[in-house]
Amino acid sequence: MRTTVGIVGAGPAGLLLARLLHRAGIDAVVLESRDRAYVEQRQRAGILEQGTVDVLRAAGAGGRMDREGLRHDGIELRHAGRRHRIDFPALTGGRSVMVYAQTEVCKDLIALQLKEGGPLLFGAEALAVEGAEGDRPRVRFRHEGREDVLECDYVVGCDGFWGVARKAVPAALSRVFERTYPFAWLGILADVPPSHDELVYARHDRGFALLSMRSPTVSRLYLQVPAGTDPAAWGDEEIWDELERRLETTDGWRLRRGPVTAKSVTPMRSHVHEPMRHGRLFLAGDAAHIVPPTGAKGLNLAVGDVVTFARALVHLRDTGSAALLDSYGETCLGRVWQAERFSYDMTTLLHRDPAASPFEERLQLARLERFATSRSAAADLAEGYTGFPFEAAAPGGTPRP
Ligand code: RFL
Ligand code: PHB
């Protein structure tokens, strides 16, 4: 098999990249190790930044998102029983976010790819990326019990944190920047209308809690739990009781309970692999970087990476200049590190660190108080949450998608 761009992984990064390249008239083949149902059901992100929404629309993949997604103009911060709303449009000159689940983004992109795009092979596991330093990089993969080779001009590793693409960067050239946290998130999906019309991020002495949603009838909620917690150790009523305690306010707000339809535990990690490019291999999304979910940034970063790659390749085709491809890593990493900083700040602002000293706990409360009293502190949070514009990180004012 031969193609221009070999894409490893059909998560949001790989699927959107395939769509952007198809629209630009560039051939690509997507290899995905899991089956379609698994990829479409995997519960993950829920928040799309304004820039992500714009990119999906421009790629002709925004129809259902615009019909079913929920535009959110703010979030609520809670602590000590009090609530403080962060008003995004007022603080950012009109920006907002969209609640539209990653599962739905993936379903929409898969349907488009199968209908209009190039090959997307499910059950095709990449075994290794080879020859990245030369002109003809290859992906060795296994599909339907047979080993095969995909020959490419470029390979983009969109295969997530546990993928194989990153391993093709020689260890001597790789640098990893990492932090793990002593806590995780226990997440549930529940068939009950959300108890608030915007997301609620709560800091409590017993730990962090998040109220989110998937639709007007489905709630998504999270609890901070110790790292390594077994989700089966938590009964449904126990989860609701704990959510109620941590989300409680002094003004009579009530949490609605309903049947729990899914339960899982997500570890928390910050991780950046540099460089994001080695020869003709480019890393994108979780394959190159992980953020803790408190900032709702992971999917949006993946989108930023593949937009940068697609633009750079189109620029090369149209002008003969490889300048944008050469600056791919630098362009992406500027935005990645801003998102790492924001996600770290949100995480340390809202979680209860079992090792924190009383001094550090007082500082955490003082940081929270700032959002209620300082417009510039609130504006900084709103800017980070609604997203760092894709073009701001690009050298020389790169054109929009
Ligand atoms: P993915 O989604 O992990 O997709 C990688 C794909 O590659 C496949 N794969 C392979 N295919 C072929 N050969 C191999 N050898 C392969 N190895 C792996 C995998 O099967 C998979 O299909 O990475 P991608 O595309 O970079 O997308 C990243 C996002 O999924 C991730 O950053 C977000 O889900 C993170 N995240 C959130 N991001 C947000 O922007 N907003 C949020 O609100 C948000 N909430 C979350 C989150 C992640 C969470 N978890 C579970 C980690 C909430 C949670 C709880
Ligand atoms: C979600 O709805 O899954 C979600 C929302 C916001 C976050 C993380 C996850 O920060």
Side-chain angles (χ1 to χ4, degrees), residues 6-18 30-36 38-49 51-52 70 72 75 97-103 105-106 109-110 120-129 139-143 150 156-167 184-189 194 198-201 208 210-215 218-222 262 264-269 271 283-306 336 339 342-343 346-347 350 385 387:
I7 300 174
V8 186
L15 289 168
L16 179 62
L17 178 58
V30 186
L31 304 175
E32 165 59 49
S33 56
R34 315 299 294 240
D35 62 29
R36 180 176 177 182
Y38 181 90
V39 172
E40 291 188 341
Q41 298 309 320
R42 194 166 38 197
Q43 274 303 322
R44 286 192 168 177
I47 298 287
L48 309 182
E49 291 174 358
T52 296
L70 309 168
H72 277 207
I75 55 169
V97 297
M98 177 86 87
V99 172
Y100 189 64
Q102 180 166 332
T103 47
V105 173
C106 288
L109 289 169
I110 287 170
L120 159 56
L121 306 184
F122 289 102
E125 185 190 2
L127 304 171
V129 176
V139 184
R140 253 191 326 108
F141 68 101
R142 192 185 299 117
H143 186 225
L150 178 63
V156 186
C158 300
D159 49 351
F161 185 65
W162 302 104
V164 298
R166 201 169 59 225
K167 295 184 186 137
W185 279 14
L186 171 67
I188 59 165
L189 267 183
E198 292 180 338
L199 271 67
V200 178
Y201 288 80
F208 169 73
L210 171 62
L211 183 157
S212 178
M213 62 200 72
R214 287 290 173 266
S215 73
V218 176
S219 295
R220 176 84 169 144
L221 298 120
Y222 297 96
S264 60
V265 169
T266 305
M268 307 273 278
R269 171 184 290 120
H271 178 107
L283 301 175
D286 281 14
H289 40 73
I290 297 284
V291 284
T294 330
K297 285 280 163 273
L299 185 157
N300 297 292
L301 277 182
V303 168
D305 292 350
V306 299
V336 165
F342 177 74
S343 304
M346 285 288 280
T347 301
L350 292 161
Y385 199 94

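Since we're looking at a predicted model, the values are computed, not measured. Numbering of ligands and ligand atoms starts at 1, following listing order.
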Provide the number and element of each atom of ligand 1 under 4.0 Å from a heavy atom of [X].
{"X": "G160", "answer": "3 (O), 5 (C), 23 (O)"}
{"X": "R42", "answer": "19 (C), 20 (O), 21 (C), 22 (O)"}
{"X": "G285", "answer": "26 (O)"}
{"X": "Y222", "answer": "53 (C), 55 (C)"}
{"X": "G298", "answer": "32 (O), 35 (C), 38 (N), 39 (C), 40 (O)"}
{"X": "R34", "answer": "20 (O)"}
{"X": "C158", "answer": "5 (C), 6 (C), 7 (O)"}
{"X": "L31", "answer": "11 (N), 12 (C)"}

May I ask whether [X] places a heavy atom under 4.0 Å from ligand 1?
{"X": "E49", "answer": "no"}
{"X": "G46", "answer": "yes"}
{"X": "A124", "answer": "yes"}

Worksheet item: For W162, is at least one N or O under 3.5 Å away from an N or O on ligand 1?
Response: no
Practice prompt. Report the C-alpha separation of T52 and M98 in whole Å, then their side-chain angles, then the decisive distance to 0.1 Å, and conclude whether the side chain to side chain contact (heavy atoms under 4.5 Å, CB included) test is met.
Written response: CA-CA 9 Å; T52 296; M98 177 86 87; over 6 Å; no
[X] to [Y] - nearest heavy-atom pair and separation:
{"X": "M268", "Y": "P292", "value": "CE-CB, 3.9 Å"}
{"X": "R166", "Y": "F161", "value": "NH2-O, 3.0 Å"}
{"X": "A284", "Y": "A13", "value": "O-CB, 4.5 Å"}
{"X": "L283", "Y": "A287", "value": "CD1-O, 4.4 Å"}
{"X": "L16", "Y": "L109", "value": "N-CD1, 3.9 Å"}
{"X": "V139", "Y": "A126", "value": "CG1-CB, 3.8 Å"}

Discussion item. Using the rule given for side chain to side chain contact (heavy atoms under 4.5 Å, CB included), can you reason through L15 versus L120, listing the C-alpha separation, both sets of side-chain angles and the distance that settles it, and then say yes or no?
Written reply: CA-CA 9 Å; L15 289 168; L120 159 56; 4.0 Å; yes
Any chance you could measure [X], atom [atom1], to [Y], atom [atom2], to the nearest 0.5 Å?
{"X": "T347", "Y": "F208", "atom1": "OG1", "atom2": "CZ", "answer": "8.0 Å"}
{"X": "C158", "Y": "E32", "atom1": "SG", "atom2": "CD", "answer": "10.5 Å"}
{"X": "D35", "Y": "E40", "atom1": "CG", "atom2": "CD", "answer": "9.5 Å"}

Answer side chain, backbone, both or neither: which part of [X] comes under 4.0 Å from ligand 1, heavy atoms only.
{"X": "F161", "answer": "neither"}
{"X": "L127", "answer": "neither"}
{"X": "D159", "answer": "both"}
{"X": "S264", "answer": "neither"}
{"X": "Q102", "answer": "side chain"}

Considering heavy atoms of the protein only, find what lies nearest to [atom] and give residue, atom and distance to 0.1 Å.
{"atom": "atom 10 (C) of ligand 1", "answer": "S33 OG, 3.3 Å"}
{"atom": "atom 25 (O) of ligand 1", "answer": "A13 N, 2.9 Å"}
{"atom": "atom 42 (C) of ligand 1", "answer": "A45 CB, 3.1 Å"}
{"atom": "atom 55 (C) of ligand 1", "answer": "T266 OG1, 3.4 Å"}
{"atom": "atom 40 (O) of ligand 1", "answer": "L299 N, 2.7 Å"}
{"atom": "atom 32 (O) of ligand 1", "answer": "D286 OD1, 2.7 Å"}
{"atom": "atom 13 (N) of ligand 1", "answer": "A126 N, 2.9 Å"}
{"atom": "atom 1 (P) of ligand 1", "answer": "R44 NH1, 3.4 Å"}

If you define the side chain from C-beta out and look only at heavy atoms, does anything of [X] sit under 4.5 Å from [Y]?
{"X": "E49", "Y": "V303", "value": "no"}
{"X": "R44", "Y": "T103", "value": "no"}
{"X": "W185", "Y": "T294", "value": "yes"}
{"X": "L48", "Y": "L299", "value": "yes"}
{"X": "V99", "Y": "L199", "value": "yes"}

Keeping [X] on the side-chain end and [Y] on the backbone end, is there a donor-acceptor pair under 3.5 Å?
{"X": "K297", "Y": "Y385", "value": "yes"}
{"X": "H143", "Y": "F122", "value": "yes"}
{"X": "D159", "Y": "A165", "value": "yes"}

Worksheet, complete the sentence: Judged by heavy atoms only, the candidate from P12, G387, G123, G11 nearest atom 27 (O) of ligand 1 is P12
Worksheet item: Got the residues with a heavy atom under 4.0 Å of ligand 2, by chain and number?
Response: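 Ligand 2 pocket, heavy atoms under 4.0 Å: R44, G46, I47, W185, L199, Y201, L210, S212, R214, R220, Y222, P293, T294, A296.
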